[in-house]
Structure formats: structure tokens, C-alpha cells
Amino acid sequence: MGSQTRSTPGDFPRSLADVATDMDILQALSDYEQAALSALQDATSATDLEQVRIEFLGKKQGRLKDLQTLLGKVSAEDRPAIGKRFNAVKDGVTTALEARQQELAKPKRLASAIDVTVPGTSPRLGKIHPLTQTFAEFKDLMARFGFEVVDGPELEDERHNFEALNIPDDHPARDPLENFYLSAACLGNGEPTLLRSQTSTVQIRVMEGRQPPIRIVSVGRVYRPDTIDATHSCMFHQMEGLMVGPDVTMAGLKTVLRLFASAYLGGDVHVRFRPSFFPFTEPSVEVDVWWRDRWLELGGAGMVDPNVLQAVGYDPEQVSGFAFGLGIERFCMMRHGITDIRRFYENDVRFLEQF
Ligand code: PHE
């Protein structure tokens with residue numbers, strides 16, 4: 001044995017070389033222990049940990065195995081103590097490994113634990129879209145004036161969108177480029193069908209189905225291939241109103257619109273009629289309202305054309321009617337100071353949560 005060859009006679013039974021070797025082994029055990037524990041602490045995943053296990057506790061090779069080989073060199077005298085120390089270090093590292101394994105297997109704690117004693121903040125709830133709020137308000141107001149709220153289809157035939165509204169075949173409003181026609185491929189029966197370009201279609205649908213007196217409003221989408229900008233969208237909303245009966249007059253139309261605009265915009269607003277033309281009303285007007293020191297355009301209106309009454313089987317000698325169609329986005333924009341119609345359709349919460 002190398003250590004014994006280096007021992008000098010007359011020394012203590014254990015040579016210096018032996019002592020050094022035993023102490024070296026003790027030191028090596030301590031170094032090993034420290035390195036293993038800090039490697040375990042540094043491991044942040046199960047894979048890391050497995051690497052550490054193989055390096056420090058591997059059965060076939062690795063640092064523990066090397067130390068075990070060294071044990072063979074320990075003097076007989078020190079062997080029980082160093083052997084004990086070896087086992088203690090081995091057990092300690094094994095226990096630390098198991099503890100770390102369990103620790104890493106545990107779900108991570110939330111970065112900030114919830115303190116249930118802190119007063120709560122109210123949740124950020126969604127809001128009803130400003131246009132949806134406006135529809136509800138419009139319907140509610142008109143219902144209070146005695147108007148029944150009805151719905152109509154958005155997909156229409158030419159009869160309801162044009163013909164029955166006295167819009168002849170060659171009228172520019174019927175130009176396919178001014179409308180969203182469905183392609184023949186979409187149509188079962190082949191009858192030309194389009195996305196309605198106005199809610200006036202509902203006037204016809206209601207009058208076809210019942211007799212006067214009639215007092216209805218209908219709120220819904222209309223579609224026109226406009227170029228989109230701050231004031232135009234290819235889909236927008238209208239509120240259509242129709243009143244038919246024995247004594248329905250232009251004065252009645254003006255009163256209803258003035259009451260409605262005052263109720264929605266607040267204050268006593270003035271309504272003005274400007275001469276205009278629509279194929280389905282005669283006379284026809286554009287309606288403006290005086291609000292915050294300027295005239296604002298509300299939409300079109302007029303007395304229902306006798307041709308339209310006749311087409312649905314009413315007698316224009318017996319009944320008359322008025323109708324109006326108001327742009328809803330414009331109303332809502334006026335009231336809330338919104339300057340770009342596109343905001344309504346972009347779904348930006350920063351905009352939507354203000355209403
Ligand atoms: N439908 C017309 C439009 O969209 C508005 C209107 C409705 C005009 C009712 C008169 C009567 O422009």
C-alpha cells in the first residue's frame with residue numbers, strides 16, 4: 001500500500017500519511033456534501049434534479065461511487081468513524097434530494113397570495129353597446145307615443161324593397177351597384193334577392209298583413225355599398241315609422257318627430273321640413289332638428305304616396321298615412337359627440353366602456 005511505504009518507523013501506529021489520507025477523505029466527504037446540497041438547491045426542474053441525482057448519488061459511477069472507492073484506503077482504526085460519516089452524508093444527500101423532488105412537484109404558489117381581508121374592487125363588467133342602448137331608447141320612446149314595435153327581414157325581394165314602394169325598374173336606386181344583391185348561386189328559387197337598402201320595406205310588410213289604423217316603428221339594419229369613411233358605413237341602422245288612418249296629416253308627422261327628438265336629445269328642439277323627393281311619399285321632406293345652435297339632419301319623411309296605399313289594397317280616399325326613416329347612428333353620434341361612425345363597429349373597449 002502506498003501510504004504504508006511512506007510511513008516511518010517509530011511513529012504512532014497511524015502514519016502521517018495515513019492521517020492525511022483519512023483527513024483528506026473526511027474533507028472530500030464534506031466537499032461532496034456541500035456541493036450536492038447546493039446543486040440540489042439550484043435545481044429548478046425535475047430534469048435538473050435527475051442530473052444532480054446521477055452526478056452525486058449514481059449507483060454505478062459518480063461522485064459517491066468515487067468516495068466509496070476512497071474508503072478502501074482509510075486506516076482500519078478510522079474506518080468505523082469515517083464509514084459512519086460516509087453513511088450520514090449519503091443519507092443526508094438522499095433525504096435532501098427527496099425533499100427537493102417533492103418541493104418541485106408541488107404547484108407553484110401564486111406570486112401574490114390573495115388577502116381576503118382587503119376590501120374588494122368591483123369587477124369590470126361589460127357594457128351594452130351604445131347603439132343597442134339607442135335602439136332600446138328609441139323603441140321605448142315611440143312605444144310611449146303609442147307606436148307598436150315590429151321587425152322585418154334583412155334579406156328582401158325586389159317587390160318589398162322597390163316595387164311596392166313605387167320605385168320603378170329604371171330608378172337609379174335599383175342599380176345593382178347601389179345595392180347588395182345576392183348572387184344567383186345563393187338563391188333557391190332564383191328570384192332576385194338583396195340585403196334591404198332601407199327599412200321602408202317594413203311599411204309594405206305591415207300594410208300587406210293588416211288593415212288601418214296602423215301605428216308602427218321598426219328598428220334595424222340596412223345595407224348600401226357606400227365607401228366607408230367617418231360618416232358612411234355600408235351597414236347602418238334606421239328607425240322606420242308608419243302611421244295610417246283616416247285623419248293622418250303632415251302636422252301629425254311634424255308633431256311626432258318633434259316630440260321624439262325633444263325626448264331623445266333633451267330640451268324643446270325645433271324640427272324643420274325641407275322639400276325633398278322619395279318615390280313612396282308625396283309630399284316628401286328631409287327632416288332637420290335645431291340642436292346646440294345648428295341644424296342636424298335626421299332623415300327622410302313624407303305622406304305615404306297614394307300609389308303605395310293602393311298597391312297594398314288600401315283606399316287612398318279613405319285613409320292617409322305618414323312615414324319617416326331616421327338614421328340611428330347619426331342620432332347617437334350627435335347626442336354623445338361621436339365624430340366617426342366607424343367607432344361603433346370596431347369593438348374597441350376604450351370606446352365602448354364610455355357609455
Ligand atoms: N327610406 C328612406 C331612406 O332610406 C327614408 C324615408 C322613409 C323617407 C320613410 C320617407 C319615408 O332614405
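Only this structure's heavy atoms are used, side chains among them; waters, hydrogens and symmetry mates stay out. In listed order, ligands and their atoms are each counted from 1.
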Original post:
Against heavy atoms of Gln203, which atoms of ligand 1 measure under 4.0 Å?
Top reply: 9 (C)
Subject >> Protein heavy-atom partner closest to atom 12 (O) of ligand 1 - residue, atom, separation in Å >> reply: Phe278 CE2, 3.8 Å
**OP:** Can you pull out the closest protein heavy atom to atom 7 (C) of ligand 1? Residue, atom name and distance to 0.1 Å, please.
**Re:** Gly325 N, 3.3 Å
Subject >> Within 45° cone of Trp290 ring axis and under 6.0 Å: Arg272 NZ or CZ >> reply: no
Original post:
Side chain, backbone, both or neither: which part of Ser284 comes within less than 4.0 Å of ligand 1 when only heavy atoms are counted?
Top reply: neither
**OP:** Only one of Tyr223, Phe331, Phe135 passes ring-ring contact (aromatic ring centres under 6.0 Å, His included) with His237; say which it is.
**Re:** Phe135
Original post:
Can you tell me if Ser200 has a non-hydrogen atom under 4.0 Å from ligand 1?
Top reply: yes
**OP:** Quick one: do Glu329 and Tyr345 satisfy side chain to side chain donor-acceptor pair (under 3.5 Å)? Show the steps, please.
**Re:** CA-CA 11 Å; Glu329 275 81 350; Tyr345 313 117; 2.3 Å; yes
Original post:
Between Asp226 and Ser233, does a side chain to side chain donor-acceptor pair (under 3.5 Å) hold up when you go through it step by step?
Top reply: CA-CA 6 Å; Asp226 276 333; Ser233 162; over 6 Å; no
Subject >> Same cluster (ILVMFWY, side-chain, under 4.5 Å), Leu242 and Leu326 >> reply: no
Original post:
Hey, does Arg224 sit under 4.0 Å from ligand 1 if you only count heavy atoms?
Top reply: yes
Original post:
Which of the atoms of ligand 1 are close to Ala323, meaning less than 4.0 Å from one of its heavy atoms?
Top reply: 9 (C), 11 (C)
**OP:** Number the atoms of ligand 1 from 1 as they appear, then name those within less than 4.0 Å of a heavy atom of Phe280, with their elements.
**Re:** 1 (N), 2 (C), 6 (C), 7 (C), 8 (C), 9 (C), 10 (C), 11 (C)
**OP:** Classify the side-chain pair Glu208/His160 by whether it contains a donor and acceptor separated by less than 3.5 Å.
**Re:** yes
Original post:
Tell me: protein heavy atom nearest atom 1 (N) of ligand 1, and distance?
Top reply: Gln198 OE1, 2.8 Å
**OP:** With heavy atoms of Gln238 as the reference, note each atom of ligand 1 found under 4.0 Å away.
**Re:** 3 (C), 4 (O)
**OP:** Classify the contact between Glu286 and ligand 1 as side chain, backbone, both or neither, using a heavy-atom distance cut-off of under 4.0 Å.
**Re:** neither
Subject >> Separation of Phe236 CZ from Arg221 CZ (nearest 0.5 Å) >> reply: 13.0 Å
Subject >> Step-by-step side chain to side chain donor-acceptor pair (under 3.5 Å) determination, Ser218 to Asp151 >> reply: CA-CA 6 Å; Ser218 187; Asp151 276 330; 4.6 Å; no
